[in-house]
Amino acid sequence: KYWKYINFVGHFEQLSQDGPALLKKIGAWDEFGTTGWGKYGNGTLFQTSAADQTHTTGSSGKVWQWLFPALERKIESYYEGDYKHPLFDFHITNLTKDFWIKGTDKIYAKGPWDGAPIV
């Protein structure tokens, strides 16, 4: 419904390039992005270094408590339309690396014994 109004899609992975591009596109870079940022207030928006990041939570290690291959596939399925949309240019990353499951393996094929009662 609203796709005809969207003329910019940024990616968080390249925020240092896409952030300024968006602000410049809407005419807000000079007022909000060029100065006043960083530890000493003399940096530009989106140009912070890892040394300035003091809010780390260790979440990158904690994600594995909750994310497993089957859940990741379900999430990918839910957002399949976004992954296929040409404007987004999203790519499936396969964080859980379930390389041991191969869809072509016969062991995973459904057979006549599936659902049979156990006697």
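Quick caveat: nothing in here was measured; it's all calculated off a predicted structure.
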Any pair with a residue in residues 12-23 that passes side chain to side chain donor-acceptor pair (under 3.5 Å), sequence neighbours left out, goes on the list, sorted by first then second residue, please. Gln14-Asp18
Applying side chain to side chain donor-acceptor pair (under 3.5 Å) as the test, list every pair that has at least one member in residues 80-89; sequence neighbours left out.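 Only Glu80-Lys84, Asp89-His91 qualify under side chain to side chain donor-acceptor pair (under 3.5 Å).
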Excluding sequence neighbours, so at least two apart, what forms ring-ring contact (aromatic ring centres under 6.0 Å, His included) with Phe90? His11, Phe88
Starting from Tyr5 and following side-chain heavy-atom contacts under 4.5 Å between hydrophobic residues (I, L, V, M, F, W, Y), which residues can be reached? Tyr2
Asn42: partners by side chain to side chain donor-acceptor pair (under 3.5 Å), with sequence neighbours left out: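 None.
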Tell me, please, which residues at least two apart from Lys4 pass side chain to side chain donor-acceptor pair (under 3.5 Å). none
Hydrophobic cluster membership, with links at side-chain heavy-atom distances under 4.5 Å among I/L/V/M/F/W/Y: are Leu45 and Tyr40 in one?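 Shared cluster, no.
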Hey, quick one: are Trp37 and Phe12 part of the same hydrophobic cluster, counting side-chain heavy atoms closer than 4.5 Å, chains of contacts allowed? yes
Please list, chain by chain and in numerical order, all residues satisfying side chain to side chain contact (heavy atoms under 4.5 Å, CB included) with Ser77, sequence neighbours excluded. none
Those residues that, when tested against Leu67, pass side chain to side chain contact (heavy atoms under 4.5 Å, CB included) (two or more places apart):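 Checked Leu67 against side chain to side chain contact (heavy atoms under 4.5 Å, CB included); matches are Val63, Trp64, Leu71, Glu72, Ile75, Leu95, Thr96.
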When the side chains of residues 21-33 are checked against the rest of the protein, which donor-acceptor pairs come out under 3.5 Å, sequence neighbours left out?
none

Indicate the atoms forming the closest heavy-atom contact of Arg73 with Asn94, along with that distance. NH2-OD1, 3.0 Å
